[in-house]
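Down below is the structure, laid out as structure tokens.
The shown structure was predicted, so the numbers you read here are calculated from the model rather than taken from an experiment. Counting starts at 1 for both ligands and their atoms, following the listed order. Because only heavy atoms are used, hydrogens play no part in the values below, and waters and symmetry mates are left out as well, while side chains stay in.
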Amino acid sequence: MTTTPRHFRDYRGLPMPLLDVAAHRRIEVRDADASLMRRAAEAAAEWVLASLGDKVRGGSVLVCAGPGNNGGDALLCALQLHRRGVAVRAVVPVRPGGGDALAAFESARQAGVPLLVDLPDDATGCAVAVDGLFGIGLRRPLGGPFEALAAALSSLRSPTRPVLALDLPSGLDADTGRPVGGGPVVAASATLAMIALKPGLFTGLGRDYTGRVWLAPLGLTDGLPHSRATSRSNAEGSGDADAAGAILNAPGLFLPSLPARRAAAHKGTFGTVAIVGGDTGTCGATLLSARAALSAGAGRVHAVMLGTGAPAYDAPHPEIMIRAADKFDWDSADALSVGAGMGRSDSARAVLGRAIETGKPAVLDADALNLLADDGALAARAAAAGDRFVLTPHPGEAARLLGTDTGTVEANRPGALRQLQQRFRCTVVLKGSGTLIGRVGAPALLNPTGNAGLASGGTGDVLGGLIGAFLAQRLSPGDAAAAAVYWHGRAAETLAERGIGPAGLTAGELAPEVRGLMNQALHERDGREGDGPLVALADADAAGSPRQAPLY
Ligand SMILES: NC(=O)C1=CN([C@@H]2O[C@H](COP(=O)(O)OP(=O)(O)OC[C@H]3O[C@@H](n4cnc5c(N)ncnc54)[C@H](O)[C@@H]3O)[C@@H](O)[C@H]2O)[C@@H](O)CC1
Ligand SMILES: [K+]
């Protein structure tokens, strides 16, 4: 289904608030009444009807309902479909214990919706399946009949038979994107989030289970896209904005800070970035990063090499100025990106110390992070240097920085991000599926762009170069990280749409794609060069209309 049904909001590209379970519970306590479940069911039924399309009369729908309110949503959805003449059956292995869910069960039963205890033998004959087993109330791994139903729902998913998860795929932790208790999770083709989006739909393993995510605000949350103003402070704003533990990263948050490309600009206008790394044998990473910085619009790019064996110049990009670290004039740079291919030698440690001392905004990536993990004194100096750094650990680097293991970081990515920020007091980008960006004095961002094409060598070096280029263009560390992460992921998506990935996407292909996306966004913001004023000439054409011509 590609069109947006009536009750849904198409939030893509908007900075939507992401509400954790506690925030959802607060909204429920404040606003819940029986009509809420009916509205959730209406939205779900609308989705199912839209995806049935012209199969409304012929196709059957299989709904799986759990014992709580998620099951209640599913049962009222079944009831609404039944009333509209759709052949629908509901599998209810455990009768709801009470409240709205029990009332929904009774309504469905009395209306004659076929209610089954087990999955029917002909389940594969359905046109659409609905996962209403559990939502945000799941406390322990799916077991018994629910485990079997989750497996059955996952196996029903196919390109021609959608499985719709209500609120979230059953078994997924709404806050962390991990399977609850390490148990099974329904693999859905689409997820209809009720009231608000949840962080777990976009981070951790979430994206592997949700399929496309839709939002039905149910008239409760304004579903508010986060404004740039409210995103600046946790304390300001109102309603959903206050409740947001994180915000979905979107161009509206960072685009206003990008410098305009005015006619009178010169190369100094867009800053100088130094990409620092290049140990003997690993200069490629540094060049990859430097090329990305060029594509992201930095005015000048230095590649600063610690080791030997660097080429005199980068043949495809002779614009990059290659420098030896011991001769580099640190004052010539406005921003630094430190770590790509840098190694962990004593001279690398000394160069990192020097970079920290410069007082310049800097990305600390790759080996710079490993050096910080190894050297507590250096880490303390970085932490004391204020909020001008952007740390970009992948989960393994984050684990080393926190003295833990990768599994622990992945089990609670938002928690790991908070710990890193408490320790280093600066912007932190925790990479992975659903990259998290912890900003100073503003809610964290969760990035919705990207795909498996980014899971290859060098993509992190490209990201470091992009962030460095945006810092050189005087974006704040938070905005620089948000812009780079968003377009880096979006580039992987647009390349994949043209068949350049996800398989075989090379890191170097990302940078020109980011350039295209960025220029498109700047054109939309500022108008296109050549969109100059029109002037009406005094004479008229043969038909008597005044002729118009560009001013120049
Ligand atoms: N409360 C409300 O006002 C609304 C709730 N909504 C729906 O209700 C959901 C939340 O409802 P609930 O809080 O009832 O939670 P769930 O429906 O997610 O399930 C909780 C129920 O399952 C039981 N349970 C938990 N883990 C279990 C396990 N592993 N095996 C067996 N039983 C288990 C709990 O004891 C509880 O009875 C949301 O995700 C959403 O789908 C929406 O309809 C919007 C309105
Ligand atoms: K569900």
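- Listed by atom number, the atoms of ligand 1 under 4.0 Å from Ile136 heavy atoms are 10 (C), 18 (O), 38 (C), 39 (O).
- No heavy atom of Gly99 sits closer than 4.0 Å to any atom of ligand 1.
- Contact annotation: the side chain of Gln80 never approaches that of Glu46 to less than 4.5 Å [non-hydrogen atoms, C-beta and beyond].
- Between the choices Asn69, Val21, Leu133, Val94, the shortest heavy-atom distance to atom 8 (O) of ligand 1 belongs to Asn69.
- Put simply, the side chain of Leu446 does not reach to within 4.5 Å of the side chain of Ile247, judged on heavy atoms.
- Heavy-atom separations between Arg25 and ligand 1 include at least one value shorter than 4.0 Å.
- When the shell of 6.0 Å around CZ of Arg109 is examined, it contains more than 12 heavy atoms from other residues, nucleotides or ligands.
- Proximity of atom 36 (C) of ligand 1 to the protein is not indicated, since no non-hydrogen protein atom lies closer than 4.0 angstrom.
- Side-chain atoms of Thr427 and Arg439 include no donor-acceptor pair closer than 3.5 Å.
- Here the K ion (ligand 2) is the vertex; the O atom in Leu166 and the OG atom in Ser170 give an angle of 170° (to 10°).
- The protein atom (non-hydrogen) at minimum distance from atom 19 (O) of ligand 1 is Phe134 CD2, 3.5 Å.
- Ranking the protein heavy atoms by distance from atom 3 (O) of ligand 1 puts Ala32 CB, 3.3 Å first.
- Listed by atom number, the atoms of ligand 1 under 4.0 Å from Asp167 heavy atoms are 38 (C), 39 (O), 40 (C), 41 (O).
- Below 30°, between 30° and 60°, or above 60°: for Trp214 and Trp47 the angle between ring planes is above 60°, a perpendicular geometry.
- Protein heavy atom closest to atom 21 (C) of ligand 1, with residue, atom name and distance, is Gly68 CA, 3.9 Å.
- Vertex the K ion (ligand 2); arms to Leu168 atom O and Asp131 atom OD2; angle 80° (nearest 10°).
- A 4.5 Å side-chain heavy-atom check between Ile27 and Leu19 finds at least one atom pair inside the cut-off.
- With a 4.5 Å cut-off on side-chain heavy atoms, Thr459 and Leu510 count as touching.
- Residues Val86 and Leu49 form a side-chain contact, since some pair of their non-hydrogen atoms from C-beta on lies under 4.5 Å apart.
- Of all the atoms in ligand 1, the ones that sit under 4.0 Å from a non-hydrogen atom of Pro141 are 29 (N).
- Ligand 1 is approached by Asp73 to a heavy-atom distance shorter than 4.0 Å.
- Numbered from 1 in the order shown, with element, the atoms of ligand 1 that lie under 4.0 Å from a heavy atom of Arg139 read 25 (C), 26 (N).
- Geometrically, ligand 1 and Pro67 share no nitrogen or oxygen pair separated by less than 3.5 Å.
- Considering only non-hydrogen protein atoms, atom 41 (O) of ligand 1 sits nearest to Asn70 ND2, 2.7 Å.
- The CG atom of Leu192 sits 8.0 Å away from atom CG of Leu215, with the distance rounded to the nearest 0.5 Å.
- The nearest protein atom to atom 5 (C) of ligand 1, hydrogens excluded, is given as Glu28 OE2, 3.7 Å; this is a heavy-atom distance.
- At a cut-off of 3.4 Å, Gly132 is not counted among the residues with an N, O or S atom near the K ion (ligand 2).
- Scanning the protein heavy atoms around atom 45 (C) of ligand 1, the nearest turns out to be Leu36 CD2, 3.4 Å.
- Between Phe134 and Phe146, the ring planes lie perpendicular to each other; the angle is over 60°, past the 30° to 60° tilted range.
- The nearest protein heavy atom to atom 10 (C) of ligand 1 is closer than 4.0 Å.
- Given atom 25 (C) of ligand 1, the protein heavy atom at minimum distance is Gly137 O, 3.6 Å.
- The ligand atoms of ligand 1 that sit less than 4.0 angstrom from a heavy atom of Ala40 are 43 (O).
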Begin from the C-alpha positions of Arg498 and Thr494 and carry the test side-chain hydrogen bond (donor to acceptor under 3.5 Å, both in side chains) through to its verdict. CA-CA 7 Å; Arg498 303 203 301 277; Thr494 51; 4.8 Å; no
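- Side-chain atoms of Pro393 and Val428, non-hydrogen and from C-beta on, do get closer than 4.5 Å to each other.
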Give the C-alpha distance, both sets of side-chain angles, the deciding distance and a yes or no for side-chain hydrogen bond (donor to acceptor under 3.5 Å, both in side chains) between Asp365 and Thr392.
CA-CA 5 Å; Asp365 184 33; Thr392 53; 2.8 Å; yes
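- In terms of protein heavy atoms, atom 29 (N) of ligand 1 is closest to Arg140 O, 3.0 Å.
- Remark: Asp121 CG is loosely packed, at most 12 non-hydrogen atoms of other residues, nucleotides or ligands lying under 6.0 Å away.
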